[in-house]
Amino acid sequence: MSFKVKGQIEQLLPVVTGTSARGEWKKQEFVVQTDEQYPKKICFTLFNDKINLLEGFNSNMEVEVSFSVESREYNGRWFHNVNAYRIDKANTEPEGFNPPPFNENDIPPETEDDGGDLPF
């Protein structure tokens, strides 16, 4: 299952590295504040080669993040990750909204009302 959210990058956290049983790993997290009536902050995680997705992005940029949510249990506790897999610059204008230019000649002339075809 995947989700999308639009918002503004609030913070880019530093890259963290480590070693596990599978070898070397690195991750970077970033925080986005949503564009809602009651804004929420979401901390997204990027692992290994996905860190490159943040190139060209910085704080205060409007973005749209595609992500998945993952939970796992360890010693009776549950841990959650919000994993980003795509980051795009947000389109600030609604799609397909291009109003045509308007001038006074676009208004049709008024006609005299003779009450012709009105039912009342």
Side-chain angles (χ1 to χ4, degrees):
M1 180 179 280
S2 62
F3 305 94
K4 283 186 181 184
V5 67
K6 286 184 181 180
Q8 184 176 31
I9 296 177
E10 184 168 287
Q11 187 176 10
L12 297 173
L13 300 168
V15 175
V16 177
T17 60
T19 306
S20 70
R22 296 184 202 163
E24 299 275 328
W25 57 266
K26 59 183 178 177
K27 76 173 183 175
Q28 185 171 10
E29 296 176 318
F30 63 101
V31 179
V32 171
Q33 183 167 322
T34 62
D35 296 335
E36 300 174 321
Q37 181 179 359
Y38 301 106
K40 294 176 181 45
K41 294 179 184 178
I42 303 170
C43 183
F44 294 96
T45 305
L46 297 167
F47 284 101
N48 296 323
D49 61 333
K50 295 287 185 188
I51 290 174
N52 297 335
L53 294 175
L54 277 177
E55 287 180 8
F57 291 97
N58 52 42
S59 293
N60 300 321
M61 288 184 78
E62 291 290 327
V63 293
E64 180 175 78
V65 180
S66 299
F67 65 97
S68 62
V69 178
E70 176 185 359
S71 298
R72 65 192 179 293
E73 186 263 339
Y74 179 75
N75 287 340
R77 294 193 59 204
W78 285 90
F79 298 89
H80 313 286
N81 281 350
V82 181
N83 299 316
Y85 60 86
R86 183 177 177 155
I87 306 169
D88 296 309
K89 291 182 181 174
N91 184 4
T92 55
E93 294 198 17
E95 289 183 32
F97 182 73
N98 268 339
F102 176 78
N103 64 43
E104 290 182 19
N105 296 331
D106 293 334
I107 301 173
E110 289 187 31
T111 59
E112 289 188 28
D113 185 20
D114 61 0
D117 61 345
L118 294 178
F120 47 88

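Not measured: the values here are computed from a predicted model.
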Full working for side-chain contact (heavy atoms from CB on, under 4.5 Å) between Asn60 and Gln8: CA-CA 6 Å; Asn60 300 321; Gln8 184 176 31; 3.6 Å; yes
Verdict with supporting geometry, Phe47 and Asn81, side-chain contact (heavy atoms from CB on, under 4.5 Å): CA-CA 11 Å; Phe47 284 101; Asn81 281 350; 4.0 Å; yes
Leu46 and Phe44: CA distance, side-chain angles, deciding distance, side-chain contact (heavy atoms from CB on, under 4.5 Å) verdict: CA-CA 7 Å; Leu46 297 167; Phe44 294 96; over 6 Å; no
Residue pair Trp25, Val16: steps toward the side-chain contact (heavy atoms from CB on, under 4.5 Å) verdict: CA-CA 8 Å; Trp25 57 266; Val16 177; 4.2 Å; yes
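Interatomic distance, CZ of Phe79 versus OH of Tyr74, reported as 8.5 Å (0.5 Å rounding). Rounded to the nearest 0.5 Å, atoms CG (Leu54) and CD1 (Ile9) are 6.5 Å apart. One finds the OG atom of Ser66 at 11.5 Å from the CZ atom of Phe3 (value rounded to the nearest 0.5 Å). With rounding to the nearest 0.5 Å, the separation of CD in Gln33 from CD in Glu62 is 10.0 Å. Considering CG of Leu13 and CD of Gln28, their distance stands at 7.5 Å, rounded to 0.5 Å. Between atom CD of residue Glu10 and atom OG1 of residue Thr34 there is a gap of 10.5 Å, rounded to the nearest 0.5 Å.
Val15 and Leu12 fall within a single hydrophobic cluster, where Ile, Leu, Val, Met, Phe, Trp and Tyr are joined by side-chain heavy atoms under 4.5 Å apart, directly or via other members. Placement of Val5 and Val69 within a single hydrophobic cluster is found when ILVMFWY residues are connected by side-chain heavy-atom separations under 4.5 Å, directly or transitively.
Residues Phe67 and Ala84 share a closest heavy-atom pair of CB-CA, 4.0 Å. Here the closest heavy-atom approach between residue Lys89 and residue Phe57 is recorded as CG-CE2, 3.8 Å. In this structure, Ile51 and Lys26 approach most closely via the heavy-atom pair CD1-CG, 3.6 Å.
Look at Glu29 and Lys27 and you find a salt bridge, because one of the NZ, NE, NH1 or NH2 atoms lies within 4.0 Å of a carboxylate O, short of that distance.
In this structure a side-chain-to-backbone donor-acceptor pair under 3.5 Å is missing from Glu36 to Pro39.
Within 6.0 Å of NZ on Lys40 lie more than 12 heavy atoms contributed by other residues, nucleotides or ligands.
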